[in-house]
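Working notes, beginning with the structure itself.
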Amino acid sequence: MTYEPDLIMVTDEVQAALADGSAVVALESTIISHGLPRPENLRVAAEVEDIVRSRGAVPATIAILDGRVHVGLDERDLEQVANRDDVVKVSVRDIATLISRGGSGATTVAATSHLAALVGIRVFATGGLGGVHREARDSWDESADLNTLAVTPVTVVCSGVKSILVNVGVLAFGTHRFPGFYLTDSGFSVDWSVDTPQDVADVMSARGILRIPSALVVANPLPVEQQLDPDVHDQVLEEGLRLASARNITGKDVTPFLLDHFHRASHGASLIVNEQIIVRNAELAARIAVADTQPST
Ligand code: PSU
Ligand code: MN
């Protein structure tokens, strides 16, 4: 791997797993710093790492601490990401500036994907991808997640995106319906459906041979009985978008604002659903990472 070890700290455990080709799952940190409230954020971060381990993969949560990229966080690092007030939300465009200033940041899907691919991690788990915001026609607000995934060869397990995907492969796990994060079904369908982690690993392997340079998105919907009540969802989303616009919340503050609004307005129901999404995606990502290390049968 060609990266600068003084700038990028990969834990011994992650480095060893990558060196002998065993399973590693990258995890983002914006969920921890800006996506979930304290103290649940730290508890969920630890739970996600535990489930990855229980499925036989090594978790590599990625963040920037005091001017250095960390791939793999120990308990103290995780605690800092969860509780420090000076941890900013970092997308790809911000990484270099933040590092050159010695700052600390939690990486979005875009930044995490970029860094994961850089160090050779093939599978990444998150909750939802940033997308194209509903009023994008006026605001031009489109998440950097999409542009980055279009040029980053990594497999991302998620439960939805705020709108359409660009040049990425999409596989829906156990369904032909694209999930809508808190909801099982976004209303969009997916051409390709897969049923097992090995199916995904086979596609990854073919993409590697063909040198396809973009991401593979594995959409993992919540079971219907676990989703947020669709009526509550629609009402709270409507209200949240109205409030965001009334308070002039724009750009990278929109997603954290909406998530916080959901958690309050649903009286914690969305928080439970959000946690389930992240844990389930981490589990599936670990199973895919393990299948990816084994020859196809
Ligand atoms: N979706 C969630 N929780 C999150 C995010 C998305 O349910 O915390 C975060 C992810 O880190 C994602 C980012 O990459 O928000 C997208 O932000 P933006 O739309 O500003 O690019
Ligand atoms: Mn956004």
Side-chain angles (χ1 to χ4, degrees), residues 10-32 35-36 42-63 70-75 77-78 107 109 112-113 115-117 119-129 149 152-160 169-175 179 181 194-205 207-208 215-223 226 274-297:
V10 182
T11 58
D12 291 345
E13 186 190 23
V14 172
Q15 227 167 61
L18 288 172
D20 68 23
S22 47
V24 177
V25 172
L27 299 161
E28 61 145 313
S29 45
T30 295
I31 284 182
I32 308 171
L36 298 166
L42 186 55
R43 180 175 55 72
V44 173
E47 189 182 343
V48 163
E49 294 212 349
D50 288 347
I51 195 120
V52 168
R53 280 186 203 286
S54 77
R55 290 291 179 173
V58 173
T61 305
I62 297 181
H70 286 248
V71 178
L73 301 182
D74 63 21
E75 222 170 292
D77 297 335
L78 267 186
T107 49
V109 168
T112 309
S113 307
L115 295 168
V119 302
I121 300 175
R122 293 165 56 78
V123 183
F124 165 33
T126 183
L129 309 181
L149 292 177
T152 307
V154 68
T155 295
V156 186
V157 182
C158 69
S159 295
V170 181
L171 303 175
F173 198 82
T175 175
F181 195 61
V194 287
D195 293 316
T196 67
Q198 189 61 56
D199 291 343
V200 180
D202 291 346
V203 175
M204 288 169 65
S205 147
R207 287 171 67 92
L216 178 64
V217 167
V218 179
N220 186 31
L222 276 176
Q226 283 180 29
N274 202 342
E275 178 177 343
Q276 276 166 343
I277 286 172
I278 301 168
V279 171
R280 289 177 84 254
N281 292 350
E283 180 180 24
L284 178 57
R287 292 166 64 205
I288 292 168
V290 168
D292 181 49
T293 65
Q294 290 156 0
S296 184
T297 46

Just by modelled atom types, is the V109 backbone N or O under 3.5 Å from a matching donor or acceptor in the S113 side chain? yes

E275: side-chain contact (heavy atoms from CB on, under 4.5 Å) partners, not counting sequence neighbours: R43, V44, E47, V279

Under 3.5 Å, side chain of R207 to main-chain N/O of A215, donor-acceptor pair present? yes

Should L18 and I121 count as side-chain neighbours, where that means a heavy-atom distance under 4.5 Å? yes

Just wondering, do V25 and P59 contact through their side chains at under 4.5 Å, heavy atoms? no

Minimum side-chain heavy-atom gap T126-T112 below 4.5 Å: no

Please name all residues satisfying side-chain contact (heavy atoms from CB on, under 4.5 Å) with A219, sequence neighbours left out, ordered by chain then number. F178, P179

D77: side-chain contact (heavy atoms from CB on, under 4.5 Å) partners, not counting sequence neighbours: L65, H70, L73, D74, Q80

If only side-chain N and O atoms count, and only distance matters, is there a donor-acceptor pair under 3.5 Å linking S205 with D202? no

Kindly give the heavy-atom pair with the smallest separation between N220 and S159, and that separation in Å. O-OG, 2.8 Å

To the nearest 0.5 angstrom, please state how far the CD1 atom of I62 sits from the OG1 atom of T107. 6.0 Å

Pairing residues for E13 by the salt bridge (Lys or Arg N to Asp or Glu O under 4.0 Å) criterion, not counting sequence neighbours: R53

Less than 4.5 Å apart, any side-chain heavy atom of L222 and any of R280? yes

Please determine whether the number of non-hydrogen atoms from other residues, nucleotides or ligands lying under 6.0 Å from atom CG of D20 exceeds 12. yes

Here the pair of heavy atoms bringing G127 nearest to I31 is N-CD1, 3.7 Å

If you round to the nearest 0.5 Å, how far is CG of L216 from CZ of F124? 13.5 Å

Can you list the residues that meet the side-chain hydrogen bond (donor to acceptor under 3.5 Å, both in side chains) rule with D292, with sequence neighbours excluded? R122

Considering residues at least two apart in sequence or located in another chain, which fulfil the side-chain contact (heavy atoms from CB on, under 4.5 Å) criterion with A45? I32, L78

